[in-house]
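We use all heavy atoms of the structure for the numbers below, so side chains are in, but hydrogens, waters and symmetry mates are not. Quick caveat, the model's predicted, so the values are computed rather than measured. Residue numbers count from 1 along this sequence.
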Amino acid sequence: MLTHPIWAILPAAVLGCAAAAAAAPPDLVLLHGKIHTEDANRSVAQALALRGNGIVAVGTDEAVGALIGPDTRKVDLGGRVVLPGIIDAHTHPAQSAQDLGKCSLEDKAVTPADVKSRVAACLKANPGARVGWFEVVMVNPSGLTLTLADLDSMLADRPMLLDGSDGHTVWANSRALKLAHITSATQDPVGGHIERDAAGRPTGTLRDNAADIVSAAQPAAGLDHEVSQLSQALDSMRAVGITSVQDAAVDDHWMKIYQRLYETHRLNMRVRACYHLQNLRVPAAALIDEAAKFRAKWAIDPDFLRADAVKIFADGVIEYPSQTAALLEPYLDAQGHPGRNRGPEYFSQDNLNRIVAAADAAGLTVHIHAIGDRAVRASLDAIAESRRRNGAMDNRDQIAHLELIDPADFPRFKQLGVIANLQLLWAQRDDYIDQATIPYLGTQRSRYLYPARSLRDAGALIVGGSDWGVSSFDAFIAMEHAITRSAGKGQRTLLPEESLTLQDMVDAYTINAASALKQERTTGSLEIGKRGDFIVLDRDIFAIDAFDLHNTQVIATYLDGREVYAANPKQPSP
């Protein structure tokens with residue numbers, strides 16, 4: 001998409017500046033920049049003026065500069081690029097923040113011996129932590145099989161959990177299983193699976209919602225600690241330009257943490273939360289009544305903290321050995337032959353239809369996790385049934401991840417008005433793809449892995465999210481991978497024909513994401529009347545090699561017209 005300088009549409013800018021001139025001078029003016037407004041014309045302006053938390057003028061240096069008063073703060077951008085604040089449309093800040101400071105295996109491919117060695121190193125580095133639960137995070141589950149004997153050999157006298165970096169796998173040693181009361185008699189929870197040996201005994205590997213059983217047995221860290229952890233995480237998010245997030249799965253506990261930050265004036269982030277519907281076999285009316293009460297309870301501030309969406313997990317993850325993503329055709333075995341496993345059934349289609357229709361009727365955005373092509377189709381079918389029952393509604397329903405889609409379903413996104421919520425940092429050749437996915441799908445199905453361009457060309461609205469803490473929340477890394485379909489220069493590509501443009505990705509993390517969060521009237525673009533959420537970059541991302549996007553640094557982040565991050569606080573920004 002071409003961008004147009006603001007002076008190509010100068011009359012509109014002049015009108016905006018004239019209106020601003022009739023009022024008090026602006027509090028802040030940015031001059032001499034390349035301000036990518038993300039308006040309908042994707043205009044690029046030189047200058048921007050703010051009064052309070054709102055934008056009062058966008059235009060040329062001359063027009064906006066004429067509004068400057070004696071108390072106006074002036075910032076010379078020196079030709080630097082300004083974007084609207086980054087909006088992460090799928091992330092888990094409250095929960096993932098609690099992993100900060102824990103022993104981390106950094107999502108690197110590991111063998112059982114590697115895991116044992118790294119765990120031993122963590123225990124040695126923290127000799128004081130000899131009691132209580134021991135937790136290891138970001139364990140790459142790709143091709144990794146751990147037995148209960150493996151786990152107990154790492155640590156036997158304390159409960160230990162290893163958290164998979166896929167967000168859907170947890171390994172628990174015998175002590176943890178005992179404290180969680182997981183035995184041979186324990187049934188699989190709805191939406192989860194306890195792996196067992198031939199005799200029916202738990203092996204220590206817990207998939208999806210089964211992990212919640214051991215999580216519930218862990219002692220609480222304490223609200224003050226959890227609030228501090230989240231505050232630290234949000235600081236890091238603002239440092240890479242994030243000003244709004246959609247927390248993709250919350251409950252009362254996580255909302256209390258956000259609420260504490262809000263009440264103590266430390267939130268400094270717009271948060272839209274999705275209430276996690278954990279049991280998809282409960283009658284739809286009861287489930288959505290519960291969600292509506294949750295929305296009312298947590299309607300704290302329409303601009304900064306609300307929970308008017310619901311989260312549904314339609315499946316798990318696709319990689320071997322987990323293979324909990326729902327497929328239309330069975331996974332292949334290690335020899336490339338079709339087996340019987342098509343992934344689990346977490347719901348009946350009829351009840352999913354009822355849940356989605358009831359959520360839509362209640363005015364709740366439906367946010368569905370769907371990795372496999374069967375889960376994607378089931379989600380689209382449920383939304384189609386909702387449209388049949390309710391008619392077209394402006395709820396901004398969305399499906400996240402979309403790792404594998406049958407081509408027949410590409411046009412349905414536009415037809416049904418479903419937003420494609422993509423995590424394109426994953427669109428690269430790595431162990432997850434090469435060793436744990438393609439061999440078990442085959443080459444034909446693997447042609448449709450992370451089919452971003454196919455979705456865009458079929459008319460789907462593309463939005464960007466990170467799924468942190470599963471992966472980095474730095475949007476510029478995700479932009480690079482979405483464009484190059486590679487982990488870096490000189491690396492192999494994953495289906496380069498499915499690449500997107502830089503403008504596609506900037507849209508995905510700004511104006512499109514604002515629409516997904518139902519806040520495009522106030523954020524997502526830099527236009528008169530909108531809030532002052534914007535970032536200043538250290539380079540012109542539109543003029544560099546796409547492989548260098550990951551090096552992009554944010555010099556300053558503004559939220560509601562206030563500077564909430566500066567790369568060098570001792571110097572005036574930028």
Side-chain angles (χ1 to χ4, degrees), residues 52-54 84-98 223-239 241-277 290-311 359 362-367 395-396 398 421 463 465-469 473 509-510 513-524 530-534 557-565:
N53 64 5
I86 298 295
I87 301 173
D88 190 330
H90 185 105
T91 182
H92 302 274
Q95 184 172 8
S96 298
Q98 309 315 314
L223 185 62
D224 288 342
H225 174 77
E226 291 175 318
V227 169
S228 176
Q229 292 285 94
L230 177 56
S231 180
Q232 180 182 343
L234 296 183
D235 285 346
S236 298
M237 287 183 160
R238 288 188 293 273
I242 299 173
T243 54
S244 294
V245 296
Q246 181 164 242
D247 192 317
V250 301
D251 57 18
D252 279 314
H253 178 72
W254 302 122
M255 290 303 293
K256 287 177 184 176
I257 300 172
Y258 283 119
Q259 183 184 35
R260 176 68 66 84
L261 281 178
Y262 178 84
E263 291 175 344
T264 55
H265 310 290
R266 292 181 288 159
L267 186 55
N268 287 332
M269 184 73 67
R270 302 188 195 277
V271 179
R272 194 275 186 99
C274 305
Y275 177 57
H276 182 190
L277 303 181
E290 179 182 293
K293 291 177 180 177
F294 188 89
R295 172 180 57 187
K297 178 180 180 179
W298 295 110
I300 304 297
D301 183 327
D303 289 326
F304 279 97
L305 185 56
R306 57 196 165 94
D308 54 356
V310 294
K311 173 64 175 294
L364 293 160
T365 294
V366 177
H367 188 114
N395 287 334
R396 322 291 171 88
Q398 49 206 266
N421 193 318
V463 307
S466 67
D467 205 22
W468 186 73
F473 50 61
Y509 278 98
T510 58
S515 180
L517 272 63
K518 286 189 167 183
Q519 61 185 53
E520 77 283 358
R521 293 184 179 180
T522 55
T523 70
K530 287 197 173 185
R531 299 296 182 85
D533 294 8
F534 60 90
T557 301
Y558 286 77
L559 175 72
D560 237 20
R562 296 176 294 109
E563 186 179 74
V564 291
Y565 168 77

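With a 4.5 Å cut-off on side-chain heavy atoms, Leu261 and Leu230 count as touching. Side-chain atoms of Arg531 and Arg270, non-hydrogen and from C-beta on, do get closer than 4.5 Å to each other.
Once rounded to the nearest 0.5 Å, the distance linking OG of Ser231 with CD1 of Ile257 reads 12.0 Å. Rounding to the nearest 0.5 angstrom, the gap separating the OG1 atom in Thr522 from the CG atom in Asp533 is 7.5 Å. Distance check: Gln246 CD to Ile87 CD1 gives 10.0 Å after rounding to the nearest 0.5 Å. With values rounded to the nearest 0.5 angstrom, Phe534 atom CZ is found 8.5 Å from Glu563 atom CD. The CH2 atom of Trp468 sits 10.5 Å away from atom CG of Asp88, with the distance rounded to the nearest 0.5 Å. Atom-to-atom distance recorded for Ser515:OG and Arg521:CZ is 11.0 Å, nearest 0.5 angstrom.
By the side chain to side chain contact (heavy atoms under 4.5 Å, CB included) test, Asn268 is found to be paired with Arg238, Leu559, Arg562, Val564, residues two or more places apart in sequence or in another chain being considered. Applying the salt bridge (Lys or Arg N to Asp or Glu O under 4.0 Å) criterion to Asp308, with sequence neighbours excluded, gives Arg272, Arg306. Looking at residues two or more places apart in sequence or on another chain, you find a side chain to side chain donor-acceptor pair (under 3.5 Å) between His253 and Glu226. In this structure, Trp254 has no side chain to side chain donor-acceptor pair (under 3.5 Å) partners at least two apart in sequence or on a different chain. Listed by chain and number, the residues in a side chain to side chain donor-acceptor pair (under 3.5 Å) with Glu520 are Arg396 (sequence neighbours excluded). Here Lys256 pairs with nothing under the salt bridge (Lys or Arg N to Asp or Glu O under 4.0 Å) rule; sequence neighbours left out.
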For Val366 and Asn395, run side-chain contact (heavy atoms from CB on, under 4.5 Å): C-alpha distance rounded to whole Å, both residues' side-chain angles, the deciding distance at 0.1 Å, then the answer. CA-CA 8 Å; Val366 177; Asn395 287 334; over 6 Å; no
Might you work through the side-chain contact (heavy atoms from CB on, under 4.5 Å) test for Asp252 and Trp298, ending with a clear yes or no? CA-CA 9 Å; Asp252 279 314; Trp298 295 110; 2.8 Å; yes
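Remark: the backbone N or O of Ala89 is paired with a side-chain donor or acceptor of Asn421 at under 3.5 angstrom. The main-chain N or O of Gly469 is found under 3.5 Å from a side-chain atom of Ser96 such that the two form a donor-acceptor pair. Judged by distance alone, with hydrogens and angles left aside, the side-chain atoms of Thr91 form no donor-acceptor pair with the main-chain N or O of Asp467 at under 3.5 Å. Judged purely by atom type and a 3.5 angstrom limit, Lys311 has no side-chain atom pairing as donor or acceptor with the backbone of His367.
Ring-plane geometry between Phe294 and Tyr275 is classed as parallel, the angle between the planes falling under 30 degrees on a 0 to 90 degree scale with a further cut at 60. Aromatic ring orientation, His90 versus His92: perpendicular (interplanar angle above 60°, classes split at 30° and 60°).
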